[in-house]
Amino acid sequence: MSFTFNSHHRSFKSLHLPLKIFIFNSTFSRHLTSCSSNRSSNSIDAESFFTSLLQKSTRKVHLSQIQNQLIVYGLQSNGFIITKFVSRSFELKEIDHARQVFDEFPVRHVFLWNAVIRGYSMHKMFDKVLEMYSAMQIAFVNPDAYTFPYVLKACGDLPELGFGRAVHAQILRHGFDNDAFLRNGLLSFYVKCDESASARVVFDQMKVKDVVSWTLIVSGYVQNGDPTEALRVFRNMRESGVNPDWIASVSAFKACSDVGDSNQGRCLHGLVIRMGYELEPDLRVALVSLYAKCGEATAARSLFYEAKVVDVMLWNSIISGFAKSGYASEALELFNQMIARSIQPDAVTIQSSILATAQIGSLEQAKWMESYVSASSYRHDVVIRTALIDMYAKCGSVEMARRVFSRTRTKDVVVWSAMIMSYGINGWGRDAMNLFNEMKMAGVCPNEVTFLGLITACSHSGLVEEGWEVFHSMRDYRVEPLQKHYASVVDMLGRAGDLGKAYRFIEAMPIDPGASVWGALLRACEVHRSVGLGEHAAERLLSLDAFDVGHHVVLSNLYASVGLWGGVERVRGLMRSRGVCKDSGSSAVEIELGTM
DNA sequence: GTAGGGTTAG
């Protein structure tokens, strides 16, 4: 980028006065002196001078001043300085200003395009990123290795699968297919778009798989709800000689907590200690979350209280973990501690505390939470209001839930579904159906949770015919029934005592019935003391999940309810041989330094 | 100037 510093018609002194605002006049004068004394390095000096000036500018007025000086000294067409100028304008959130400078600049080099693309990416204006990328193509400017990562990030975050695929093709066409950085960018894009097959292809074709590539695949499986596979891939990574860093470990901890396997988590914890990541603050969030979610309260607490950095996220990890693992009163106690210490809770803290209240089921506590929310800046937050509706429903007050619902200004499908579910679990089936009609009139499109709420409502109100119809109407709304919908229908038929129909329904399922479906049948058999069908359900259930305490207990209870003590004894023996323990209460946790 | 993670309503 060559350029001549046209200083012959201007005295350098004239620069001095208008730029006083920058407070660093001495530096400024030094630069001017060197510029005038050595003409051959003028261009470099001018560039570095304006670069440092831009770095030090903090306000829009500074940018305008610099712009004026660029014109005064004929530097307004220096592409290097203009690129720096545009970048800095984006950093100072002067987005329109940056764009205007870009639009008015005649010769747009790839660096200048990259600066604008990076600027929009910085402010999460991903539509603009793609718009500029397209404009760049129309202008026949070839993207470089620094253009693609921002564009791929935009495609992944929007997400914009088709656009990203086109970008993938262009990466290949421009000969960047062996760029390890870009391959990871592509992998990230496909993972974010839930395109696991494409992600896998990119991954398999990579000649060099670094820890980032592996982490992307692991987190992809976690995101797809397959934590077991995620942990398998994590082991493969280690076997292939790539050591996990702390970010890779975070994904593995998340996988452990999703499978509910604190033992595996504890082994990995030992590994992390040996690798020296123990004090990494963000890793601690994953660890506290793991132990808290697995009900290992002692381990979670000690990691929490010994943390050097205690930020809101760490508080959230222990509060939400406890709220989900039966330590709801501990979760609320921690929430109170936070308030007592004047630590500002965020939306996640409040959501988790509302969930904890719902678990406890105390209407008094529920009212306190609502008043806390009303006094906070989250009173109109739709996510928080949904949590409040659910909380009141679980505390048994449909009226209070309805009141929160009515006062919610913008009702999305989640809010409607929460209210339908609130009616549902409390046996207000007709109200749930009426609300569903209201929802459709309001032009809100139902989703899979809406239908789950409706079937639950029918099930809990004995509206078997209506529930059956609702289930079969799902396809009219293009909502594919999932395991939980089938399980809910089985539950409904089971409650009504129609075990034969429930069984035939399972047999006719187009997908393989999962544990939730057989579990619903087994519970129905327990209630109606149907031993033969119950044994069948239990057999299928235990073939899917041999180590679940609950399944064994229900089967044992079924035998007991009809006086088949031999059956009870057989189940107990099975539990002993499988190491399944009925009262597996919490115990003190030793951190084991084993390998995974 | 480029890619990966953790808390998160129904």
Side-chain angles (χ1 to χ4, degrees), chain A residues 83-84 87 90-91 111 114-115 117-119 121-122 144-153 156 176 179-189 191-192 210-220 222-223 244-255 257 280-290 292-293 311-321 323-324 345-352 354-355 358 378 381-391 393-394 401 405 408 412-422 424-425 446-453 456:
Chain A
T83 300
K84 293 278 181 191
S87 289
F90 271 112
E91 280 166 21
F111 293 159
N114 285 352
I117 287 173
R118 189 172 75 97
S121 177
M122 188 189 294
D144 67 6
Y146 287 92
T147 314
F148 293 118
Y150 300 112
V151 179
L152 288 172
K153 182 181 162 55
F176 289 108
D179 186 313
F181 218 101
L182 287 188
R183 297 220 69 116
N184 280 340
L186 278 168
L187 196 49
S188 168
F189 157 69
V191 165
K192 280 181 192 156
D210 63 10
V211 67
V212 175
S213 329
W214 285 99
T215 307
L216 279 161
I217 286 290
V218 170
S219 68
V222 172
Q223 190 186 302
D245 60 7
W246 71 265
I247 298 183
S249 309
V250 161
S251 287
F253 282 128
K254 167 82 172 145
S257 72
E280 190 61 54
D282 290 355
L283 181 70
R284 193 157 288 235
V285 172
L287 274 169
V288 169
S289 175
L290 166 77
K293 274 186 196 159
D311 55 7
V312 179
M313 227 181 188
L314 194 67
W315 282 96
N316 292 349
S317 65
I318 196 163
I319 292 174
S320 74
K324 285 174 179 164
D346 68 4
V348 178
T349 325
I350 297 174
Q351 269 165 239
S352 306
I354 294 172
L355 180 68
Y378 298 102
D381 185 310
V382 70
V383 177
I384 301 270
R385 298 195 68 83
T386 308
L388 286 175
I389 293 168
D390 174 65
M391 170 190 76
K394 287 184 178 146
F405 173 80
T408 301
D412 64 6
V413 63
V414 185
V415 174
W416 285 95
S417 304
M419 192 61 226
I420 289 172
M421 187 62 97
S422 298
I425 59 174
N447 69 6
E448 72 279 2
V449 185
T450 318
F451 285 105
L452 192 64
T456 304

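Values below: all heavy atoms of this structure, side chains included; hydrogens, waters and symmetry mates excluded. Since we're looking at a predicted model, the values are computed, not measured.
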Is any side-chain nitrogen or oxygen of A/Ser289 closer than 4.0 Å to OP1 or OP2 of B/dG6?
no
Consider the side chain of A/Ala248, meaning its heavy atoms from C-beta on, and name the nucleotide among B/dA9, B/dG6, B/dG4 that approaches it most closely.
B/dG4
Give A/Ala115 one of three labels, base, sugar-phosphate or nothing, depending on what nucleic acid heavy atoms sit under 4.0 Å from its own.
nothing
Flag, side chain of A/Ser87 to backbone of A/Thr83, donor-acceptor distance under 3.5 Å:
yes
Under-3.5 Å donor-acceptor pair between A/Asp282 side chain and B/dG5 base
yes
Length of the CG-P vector between A/Asp390 and B/dG10, whole Å:
5 Å
Would you indicate whether A/Lys192, at its atom NZ, is surrounded by more than 12 heavy atoms from other residues, nucleotides or ligands within a distance under 6.0 Å?
yes
side-chain N/O A/Lys192 vs B/dG4 OP1/OP2, d < 4.0 Å:
yes
Is the shortest heavy-atom distance from the side chain of A/Phe253 to the side chain of A/Leu283 under 4.5 Å?
yes
Do the side-chain N or O atoms of A/Ser320 get closer than 4.0 angstrom to the phosphate oxygens (OP1, OP2) of B/dT8?
yes
So does A/Thr215 reach the base of B/dG4 with its side chain, donor to acceptor, closer than 3.5 Å?
yes
Looking at every strand, decide which applies to A/Val211 at a 4.0 Å heavy-atom threshold: base, sugar-phosphate, or nothing.
base
Taken to the nearest whole Å, CG/A/Leu452 to P/B/dG10 is 12 Å
Tell me whether the side-chain N/O atoms of A/Lys293 come closer than 4.0 Å to OP1 or OP2 in B/dT8.
yes
For A/Ser188 and A/Asn184, indicate whether the former's side chain and the latter's backbone hold a donor-acceptor pair under 3.5 Å.
no
Here the distance between atom C1' of B/dG1 and atom OH of A/Tyr146, to the nearest Å, is 7 Å
For the side chain of A/Val250, starting at C-beta, report the closest nucleotide among B/dG5, B/dA9, B/dA3.
B/dG5
Among B/dG1, B/dT8, B/dG10, the nucleotide that comes nearest once only the side chain of A/Val348 is considered
B/dT8
Regarding the side chain of A/Val212, the nearest nucleotide among B/dG10, B/dG6, B/dA3 is B/dA3
Rounded to whole angstroms, how far apart are CD1 on A/Ile217 and C1' on B/dA3?
13 Å
Counting any heavy atom closer than 4.0 Å, what does A/Trp416 reach on the DNA or RNA strands: base, sugar-phosphate only, or nothing?
nothing
Output the single nucleotide from B/dT8, B/dG10, B/dG1 whose closest atom is nearest the side chain of A/Phe111.
B/dG1
Atom CG of A/Leu216 and atom P of B/dG6 are separated, to the nearest Å, by 11 Å
Check if the side chain of A/Asn316 and the base of B/dG6 share a donor-acceptor pair of N or O atoms closer than 3.5 Å.
no
B/dG5 C1' sits how many Å from A/Leu314 CG, rounded?
15 Å
At under 4.0 Å between heavy atoms, what does A/Asn114 touch on the DNA or RNA strands: base, sugar-phosphate, or nothing?
base
Would you kindly give the CG-to-P distance between A/Leu283 and B/dG4, to the nearest whole Å?
18 Å
Residue pair A/Ile350 / A/Pro345: nearest heavy atoms and the distance that separates them:
CG1-CB, 4.3 Å
For A/Gln223 and A/Val191, indicate whether the former's side chain and the latter's backbone hold a donor-acceptor pair under 3.5 Å.
yes
Nearest atoms (heavy-atom pairs only) where A/Val285 meets A/Ser317:
O-CB, 3.6 Å
If stacking means aromatic ring centre less than 5.5 angstrom from the base's six-membered ring centre, planes under 30°, is A/Trp246 stacked on B/dG5?
no
Proximity to the side chain of A/Ser417 - top-ranked nucleotide from B/dG10, B/dG5, B/dG6
B/dG10
Compare the minimum distances between each of B/dG10, B/dG5, B/dT7 and the side chain of A/Met313, then state the nucleotide with the smallest one.
B/dT7
At under 4.0 Å between heavy atoms, what does A/Tyr150 touch on the DNA or RNA strands: base, sugar-phosphate, or nothing?
sugar-phosphate
Can you tell me if A/Lys324 touches the phosphate of B/dT7, counting only side-chain N or O atoms and a distance under 4.0 Å to OP1 or OP2?
no
B/dG10 base to A/Asn447 side chain: any donor-acceptor pair below 3.5 Å?
yes
Winner on side-chain proximity to A/Ser352, out of B/dG10, B/dA3, B/dT8, is B/dT8
